[in-house]
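As structure tokens, the structure follows; a few thoughts come after it.
Note that these values count all heavy atoms, side chains included, but never hydrogens, waters or copies made by symmetry. Residues: numbered from 1 along the sequence shown.
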Amino acid sequence: MKKQRIVIFDTTLRDGEQCPGASMNLREKLEVARQLARLKVDVIEAGFPITSQGDFEAVQQIAREIEGPTIAGLARCVPADIDRAGEAVKPAGKRGRIHVFLATSKIHREFKLGKAQAEIIRLAVEGVQRARQWVADVEFSPEDGSRTEPDFLIEVCQAVVDAGATTVNIPDTVGWAVPEEYGRLIGQLHAAVPQFQSGEAVISVHCHNDLGLAVANSLAAVKAGARQIECTVNGIGERAGNASLEELVMAMKTRSDHYRQFQCGVNAREIVRSSRLVSRMCGLLVQRNKAIVGENAFAHSSGIHQDGILKKRETYEIMDPKAVGWGKTELPLTKHSGRAAVAARLRHLGFKMTDADVGAIFSRFKEIGDKKKFVYDDDLTALVEGHITEVPETWSLEYFSVSSGNRTVPTATVRLRRAGIGRSDAEVVEDASIGDGPVDATLKAIDRLTNTRGRLTDYSIRAVSQGKDALGEVTLTADFGEKELVTGKGASTDVIEASARAYLNAVNRYVSARKEEKSKRKTPQP
Ligand code: KIV
Ligand code: ZN
């Protein structure tokens, strides 16, 4: 039997990044895109180019650099959006895709758009036709598709396919669908539009997880005729997230008896690495019991289970953890390892670094190597991530000292360097503060020095690698009184230092965003 290919469309960098606090800078997005290419997804939705200059540049750069997958940019059915997306995906050549969307459900038509059905069809068709002037590969999404009247949805699908859409995606935008009903809807569309049967156009699904059914709905849709699934690494995305890539891929592979006629091209061995990278890059921790990629996904605590596993792994394990990339460890580096060894390990881990990057990471590696016996690959990855999440370092940590105890008022002294235009006008400033604990005192001292006042809305620390001397990685979210929360990350063997570094990372992001805003206000907008 000839297997049918299920196209894996990854939207971690677009829908995933819409998750509050998950925004990534250009370098972070590029690292994620490189990893998605290693994971061998078929399509990377790299962003929504009209939304900001940063999003446009990220899509363009990914289209220019990433080889292999198709690169998609999202656009509303508005000429300016479509042209911006077309410009952004242009460097990908034939691998460029424009994804246009327009809401079709009654509630969206009446309350959001104020448009009748005929007007929606006209705009959808015009949008697809305009996108086709840029690329041959055009996807159309009737937003809130799962709540759209089926007869109207069929009309929309037929019209956009006739206008040149090669993929029609049926989003369950608000996570309303249940598997039987969603599968039935996809089956109906498949039967009604001849191009879906002939393979000239593909049905895609895009399910949100508000009821925890995103993966189940996507799989039901595949059985009913869908040939593309949209998903994200770790299931991140708007609200409760999107269908999780790792769960979908492993469900199809592990239950190949049930999904016999389908195959996908994802390299499952890259799943754990992708999950960790995305988690660190966007600052969203993966819950311990998350299927496939959570720390506990293959941990067996009960004696009966452990005994069974030792006798025959399959008694309690339906997947081999190695098949998704768990348990791959290399010999750790030590403080005696030289720059060449560190550079080689970075290459082995898949990071594309310039000489200057390697130099910066090597000097942090040396600091850490002096404090801990072994530097594991996870430690090194945390250093790389710390380096690439750096924004212009207006403020950097020179020195800190804390005194704390159960009968002392926690006090911190912090010395910071403020970058100048040249090295000579950089200044070093020092101040002290008391606080509710050593971390609080340190962050308050940083606030005094940088003239900011951040309120932490989220703070977490986790050990990056094993052992008591493990690197601690702090991820925090701070509210500086602006519209958007700012995230910060920092790692060190000392948890106070990791906290100070993470907070400074957030302060630097905040300062550089304000500078950017100011310069935008000065520049006349087109
Ligand atoms: O959830 C949704 O409807 C979307 C569309 C833009 C595809 O993300
Ligand atoms: Zn979505």
Side-chain angles (χ1 to χ4, degrees), residues 25 27 283 356-357 359-368 370-371 382-404 408-459 461 471-482 484-518:
N25 66 26
R27 281 211 66 179
D357 289 332
I361 288 158
F362 186 61
S363 62
R364 283 284 286 136
F365 167 85
K366 281 285 176 199
E367 278 172 35
I368 290 197
D370 276 336
K371 293 185 189 153
L383 294 187
V384 174
E385 286 157 4
H387 176 67
I388 64 184
T389 54
E390 257 166 30
V391 276
E393 270 211 298
T394 309
W395 296 99
S396 56
L397 183 66
E398 284 270 303
Y399 160 90
F400 80 98
S401 155
V402 288
S403 100
S404 174
T408 3
V409 178
T411 312
T413 305
V414 177
R415 194 182 304 146
L416 299 181
R417 175 179 292 274
R418 181 201 195 126
I421 300 184
R423 209 178 149 70
S424 55
D425 34 63
E427 60 169 334
V428 173
V429 287
E430 186 172 314
D431 207 338
S433 175
I434 56 167
D436 288 339
V439 171
D440 187 46
T442 307
L443 304 198
K444 281 196 172 124
I446 294 177
D447 270 344
R448 289 167 69 101
L449 288 166
T450 57
N451 202 18
T452 52
R453 189 168 289 270
R455 188 176 60 82
L456 290 196
T457 56
D458 199 15
Y459 173 96
I461 178 149
L471 269 193
E473 187 178 52
V474 169
T475 305
L476 52 80
T477 312
D479 181 352
F480 290 100
E482 302 284 322
E484 301 230 338
L485 299 177
V486 186
T487 52
K489 281 171 264 185
S492 168
T493 48
D494 180 309
V495 295
I496 315 281
E497 183 179 336
S499 308
R501 286 185 182 278
Y503 191 62
L504 278 172
N505 182 237
V507 168
N508 284 331
R509 275 175 197 261
Y510 168 64
V511 170
S512 95
R514 281 191 41 184
K515 268 193 205 147
E516 222 174 83
E517 234 171 65
K518 247 194 208 161

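Every side chain to side chain donor-acceptor pair (under 3.5 Å) that Arg415 has, sequence neighbours left out, goes to Glu430. For Ser396, the side chain to side chain contact (heavy atoms under 4.5 Å, CB included) partners two or more places apart in sequence, or in a different chain, are Glu393, Arg417. By the ring-ring contact (aromatic ring centres under 6.0 Å, His included) test, Tyr503 is found to be paired with no residue, residues two or more places apart in sequence or in another chain being considered.
Between Val439 and Tyr459 there is a side-chain heavy-atom pair separated by less than 4.5 Å. Under the 4.5 Å side-chain criterion, counting only non-hydrogen atoms from C-beta, Val414 is in contact with Leu397. Under the 4.5 Å side-chain criterion, counting only non-hydrogen atoms from C-beta, Thr452 is not in contact with Trp395. For the pair Leu476 and Asp458, the minimum side-chain heavy-atom distance is 4.5 Å or more. Side-chain contact check for Phe480 versus Val511: every heavy-atom pair is 4.5 Å or farther apart.
Atoms CG and CG, from Leu456 and Leu443 in turn, are 5.5 Å apart once rounded to the nearest 0.5 Å. Here Ile496 contributes atom CD1 and Ser401 contributes atom OG; the two are 10.5 Å apart, rounded to the nearest 0.5 Å. The structure places CG of Asp431 at 5.0 Å from CG of Leu449, a figure rounded to the nearest 0.5 Å. Taking CD1 from Ile434 and OG from Ser403, the interatomic distance works out to 11.0 Å, rounded to the nearest 0.5 Å. Considering CZ of Arg27 and CG of Asp357, their distance stands at 4.5 Å, rounded to 0.5 Å. Going from atom NZ of Lys371 over to atom OG of Ser492 covers 4.5 Å, rounded to the nearest 0.5 Å.
Contact check on Lys444 versus Asp440 returns a salt bridge, with a Lys/Arg side-chain nitrogen under 4.0 Å from an Asp/Glu carboxylate oxygen. Comment: Glu497 engages Arg501 in a salt bridge, judged by a side-chain N to carboxylate O separation of less than 4.0 angstrom. Using a 4.0 Å cut-off between charged side-chain N and carboxylate O, Asp447 and Arg453 make no salt bridge.
A donor-acceptor contact shorter than 3.5 Å links the side chain of Asn505 to the backbone of Lys489. Counting only distance, with no hydrogens or angles, the side chain of Thr411 and the backbone of Val409 share a donor-acceptor pair below 3.5 Å.
The minimum heavy-atom distance linking Thr475 with Gly283 is given by the pair CG2-O, 3.6 Å. For Pro410 against Ala441, the heavy-atom pair with the smallest separation is O-CB, 3.8 Å. Contact detail for Arg364 and Ala491: the closest heavy-atom pair is NH2-O, 2.8 Å. The minimum heavy-atom distance linking Ala500 with Thr442 is given by the pair CB-CG2, 3.9 Å. In this structure, Ala432 and Ala445 approach most closely via the heavy-atom pair C-CB, 4.3 Å.
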Self-check item: Full working for side chain to side chain contact (heavy atoms under 4.5 Å, CB included) between Thr450 and Tyr510
Solution: CA-CA 11 Å; Thr450 57; Tyr510 168 64; over 6 Å; no
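Around the CG atom of Asn451, the shell of radius 6.0 Å holds no more than 12 heavy atoms that belong to other residues, nucleotides or ligands.
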